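Before any comments, here is the structure.
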Amino acid sequence: MPACEPPRFEGLVGWRIIADRSALDTAPWPAGSHVVRISPDDAFVIGAAEPGVPGDEHAIVTPELGFAGAAVSAEQVADIALHHIEWKLPAGPCVAQGQIAGVPSKLVLHADGSALLLVACAARHELEDRLG
Amino acid sequence: MLWVECPNCGSRPFEEYRYGNVFPVTPDTITDADARNVDYAWMQDNIAGVTLERWFHESGCRRWFTAKRDTTSDEFLPLDG
């Protein structure tokens, strides 16, 4: 039996942006959006409003519906880290990426220890099963 | 277990990566353009020692990066070292 409730995922609506890293650093993100920096030149912006990247005229901005997310509490994060993560989980706030229970995932860690757990939609049920 | 340092994500088990082979180095003694292409594409040096390699962090940031590895010890070395 799991130590705490396994996360339940829902599909996320957002935008994927590939752009110059300095342009992403200074981009004015729409109010209410949540930015997940996947790599220096790659961002996933969660939210319905289309973001702009004025610092890079060649930026690629495209709708991204390929991620599912689940809000997880600090207790759930600790449980996941203990049982399902081989690598050292950094202290938040930050984005930690790698395999969780063998499934490529991302943890958007907040300062209070809670997190948003992201996974590709195609793998969400697999991750749910493995964490459950 | 072999751990690989991703410049974006940090240290992760090697299962998270795709190995992208060593940087091919074509000897200057090969001057013919076609022969250089063949050497670049097909001739593996299989170096025992320090090599520059390409790695792809498939389960994380999904970015290619260059790493320096000693193939005799599997130790990853600083790129500027």
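Everything numeric in this text was worked out from a predicted model, so none of it was measured. Labels below follow one simple rule: chain letters A, B, ... track the order of the sequence lines, proteins then strands, and each chain is numbered from 1.
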[X] and [Y]: which non-hydrogen atoms are nearest, and at how many Å?
X: B:Trp3; Y: A:Glu86; answer: CH2-O, 3.4 Å
X: B:Glu15; Y: A:Gln99; answer: O-NE2, 3.9 Å
X: A:Trp87; Y: B:Pro13; answer: CD1-CD, 4.1 Å
X: B:Arg12; Y: A:Gln97; answer: NE-O, 2.7 Å
X: A:Gly98; Y: B:Glu16; answer: CA-OE1, 3.4 Å

Self-check item: Residue among A:Ser105, A:Gly102, A:Ala120, A:Pro104 with most heavy-atom pairs under 4.5 Å to chain B
Solution: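 The candidate making the most pairs under 4.5 Å is A:Pro104.
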Tell me whether [X] shares a hydrophobic cluster with [Y], the cluster being built from Ile, Leu, Val, Met, Phe, Trp, Tyr side chains joined at under 4.5 Å.
X: A:Leu127; Y: A:Val72; value: yes
X: A:Val35; Y: A:Phe67; value: no
X: A:Ile18; Y: A:Trp15; value: no
X: A:Leu109; Y: A:Phe9; value: yes

Quiz item: Can you tell me how far the CZ atom of A:Arg37 sits from the SG atom of B:Cys61, to the nearest 0.5 Å?
Solution: 12.5 Å
Exercise. Determine whether more than 12 heavy atoms belonging to other residues, nucleotides or ligands lie under 6.0 Å from atom CG of B:Asp28.
Key: no
Quiz item: Is it the case that more than 12 heavy atoms not belonging to B:Arg18 sit under 6.0 Å from its CZ atom?
Solution: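 12 or below, so no.
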Self-check item: Residues A:Asp42 and B:Arg63 bridged, charged N to O under 4.0 Å
Solution: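 Salt bridge present between A:Asp42 and B:Arg63.
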